[in-house]
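Lettering of chains follows the sequences in order, A, B, ..., and the numbering in each one begins at 1.
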There are 4 protein chains.
Amino acid sequence: MVERIVTAGARVLEDSGYQEASTNRIAREAGVSPGSLYQYFPDKDAIVAEITSRLIDDFASAIAPALRQAAIEQPPAAALVVLGAVLDALQQQAALLRALVDRVPAVEQQEALQSVRARLADIVYHSLATNRGALRHADVERTTWTIVELTQHLLVRYVLDSPPIAREDFLADTTHLILHLAYDRDVAE
Amino acid sequence: MVERIVTAGARVLEDSGYQEASTNRIAREAGVSPGSLYQYFPDKDAIVAEITSRLIDDFASAIAPALRQAAIEQPPAAALVVLGAVLDALQQQAALLRALVDRVPAVEQQEALQSVRARLADIVYHSLATNRGALRHADVERTTWTIVELTQHLLVRYVLDSPPIAREDFLADTTHLILHLAYDRDVAE
Amino acid sequence: MVERIVTAGARVLEDSGYQEASTNRIAREAGVSPGSLYQYFPDKDAIVAEITSRLIDDFASAIAPALRQAAIEQPPAAALVVLGAVLDALQQQAALLRALVDRVPAVEQQEALQSVRARLADIVYHSLATNRGALRHADVERTTWTIVELTQHLLVRYVLDSPPIAREDFLADTTHLILHLAYDRDVAE
Amino acid sequence: MVERIVTAGARVLEDSGYQEASTNRIAREAGVSPGSLYQYFPDKDAIVAEITSRLIDDFASAIAPALRQAAIEQPPAAALVVLGAVLDALQQQAALLRALVDRVPAVEQQEALQSVRARLADIVYHSLATNRGALRHADVERTTWTIVELTQHLLVRYVLDSPPIAREDFLADTTHLILHLAYDRDVAE
DNA sequence: TATGAATGAGGATTCATTCAT
DNA sequence: CATGAATGAATCCTCATTCAT
């Protein structure tokens, strides 16, 4: 039942955005009565939050293999592998992603997004800390913050805005940015 | 009167975001009757658009001197000067900026934001084209896109999220990113 | 519920006419919330349309027996029987009729009224065509149009304006008009 | 000034009907300020009433010659002359007539219309009274009422609905109706 | 548990009217 | 007189939410 609601909600969100996604419409789309929504969710925003949260879980599963592989690679290759995987995952969910990023007021989904950001930050932080000696400077937090913001934003906008940039070029640039931000000098790319 | 409406609208937006900003509330806050709103604006979104547009004009004025100075500097210093000015301008308007960026569905403000982005892109494009010979690669469009997205996002998030990063460090990192993305090798920073 | 809304709507219409009949007022009069109106009707005009439509159905039922009887009578008696029945039916609903005819802009109810007129026209046409040989002239359409307009208007105004004319005299005059328009010479009245 | 307002009001009424004819729009169309309307008319309905009233005066002037001529003719010819003149006058003002008859709730214009009806009734009454001896029955009031309603309605609908009936046929039928209603037997037509 | 009819506060917008200038 | 900015009550309608069944 939660399943049907979430699926229908995502569909409605994709089709029409947050404002047009009335609870009645989600219920109808789910083949469920409006009342039933409130047996599983306290209010409308909770449904959106659940949708966001599931999207994020999907991403996590989708990039898990890449993360495992990255763990046994050198930074440049590792970054490329991970970024490529994230990009693929985002492309897969472009429609819902657009609905969530561009059509839902950001506050509604901050909790959920904070969690992604936190996971991403952990990975980056750990990776940087491991190579602490080679960093441009010792402030790992600072570099982590910038990398997370940078990466997340560029990937999302690349998927949503489809700028006229080839995938490999885009990934190369992003990798270049990250590595140059983190490390003192050119790492073999 | 337009003044009062826009001011009140901005205040309401800052306090409660787009969804809560009803026309009646804006009117009340402005000490004006609901009908008066519609003598000056065709609908609610036009009010929000005007607020956004004024914010953008403020930015433009605020950074104009920096842009003039940047025109007679070398890239690294130029970038620093401009970024610093933009950062100051954003700090000045942090409250309204937060309301607009985080609490208004992106679609509602796309026209206004596209215009800023376009102006920014022009400046960056021109600057890159001028130093075309020294670029990492010839695709100026591509570099422009990345720089614009990158810069805008990092600056806005720095202002809105206040990460524990010193202003000079943040500006240094951002400048570093931009220059390394654009130019083949280290420019004297 | 539809019942309550329609009843209340008719009452409000009778009391105050179309312009004053706000949806909120109809809802209040029906002891129902404004929202409920829109579960059963797409908009305000649909309510008025339903009221009109029911009025018309009432008429249809009320005059059905007379029509059956008329089918087995000669023209003069047939006309008298039908007109008398219609007059009674109109008298029954005088209040609502007044509201609809005099206080609703004609355009709002044209669909509904066209349907009555069409039914009436069918009956008249058929009746004339049956006696085609005796007609003043062969243009049945033309006579039908005039009879329908004539009859409908006179009956409605008689009911709404209560001119100082006895019922039997009024019916006699109307019958006289119709028969003389249709047939070449005096039919035994 | 009254002139401009009335002219503009008529234009707006013709174009869009009563509901859409806002005072602001009439003022704009008249090139006059909304405030000025209220120097000459107590409220919106007074403007509509004045428009109606002028339309009626126009009719009166337009048919005056026909009435004079009718005074020196025998009933059948007299009726034809008058009806023809009225029909012409209505055709001239068809657009405004439609706006007034079909799109203004009847109550708004009853005063004005009562006056026309009264004038018409006077003429008919006088004409019948003059030939009292030949009437089908002595109740002149009764016949007057029916003729007035009958004539007015048929002429207006003929103009507004353009039924597929030739002008001369329509006039012949209407004359036939009136004369047969009034007089005992066929008058030479 | 599931329903879905019912809710009602609230939304954006209109427009006849006023009144200070 | 003429103006027109300002009014604000009122309009139609929406939709997140509730609750008796």
Whole angstrom value for the distance that separates P of F:dA10 from CD1 of C:Ile26: 17 Å
Between E:dA16 atom P and D:Tyr18 atom OH, what is the distance in whole Å? 8 Å
Between C1' of F:dT18 and NZ of A:Lys44, the distance in whole Å: 18 Å
What residue pairs, at least two apart or across chains, pass salt bridge (Lys or Arg N to Asp or Glu O under 4.0 Å) with a residue in residues 18-28 of chain A? none
Which residues share a side chain to side chain contact (heavy atoms under 4.5 Å, CB included) with C:Phe59, sequence neighbours left out: C:Leu55, C:Ala89, C:Leu90, C:Gln93, C:Leu97
Does F:dA16 have its OP1 or OP2 closer than 4.0 Å to a side-chain nitrogen or oxygen of A:Thr23? yes
Please list residues of residues 34-43 of chain B whose heavy atoms come under 4.0 Å from any atom in DNA chain F, ordered by number; otherwise none. B:Pro34, B:Gly35, B:Ser36, B:Gln39, B:Tyr40
Judged by atom type as modelled, is there a donor-acceptor pair below 3.5 Å linking the side chain of C:Arg4 to the main-chain atoms of C:Gly31? yes
Write down the partner of F:dA2 under the Watson-Crick or G-U wobble criteria, each distance required to be under 3.5 Å. E:dT21
For C:Ile47, run the side-chain contact (heavy atoms from CB on, under 4.5 Å) check against C:Ile51, C:Asp43, C:Asp45 and tell me which one passes. C:Ile51
Report yes or no: is the cationic atom of B:Lys44 (NZ for Lys, CZ for Arg) closer than 6.0 Å to the six-membered ring centre of B:Tyr38, at no more than 45° off its axis? no
What is the pairing partner of F:dA10, taking Watson-Crick or G-U wobble pairs with both distances under 3.5 Å in any strand? E:dT13
Identify which nucleotide among F:dT3, F:dG8, E:dA12 has an atom closest to any side-chain atom of B:Ser33, counting heavy atoms from C-beta outward. F:dG8
Report the distance from atom CZ of C:Arg25 to atom P of F:dC13, rounded to the nearest whole Å. 17 Å
Per atom distances to the A:Met1 side chain, the nearest of E:dA2, F:dT11, F:dA16 is E:dA2
Sidechain-backbone polar pair: B:Ser36 side chain, B:Val32 backbone, donor-acceptor under 3.5 Å: no
What is the distance from CD of B:Glu3 to P of F:dA5, rounded to the nearest Å? 17 Å
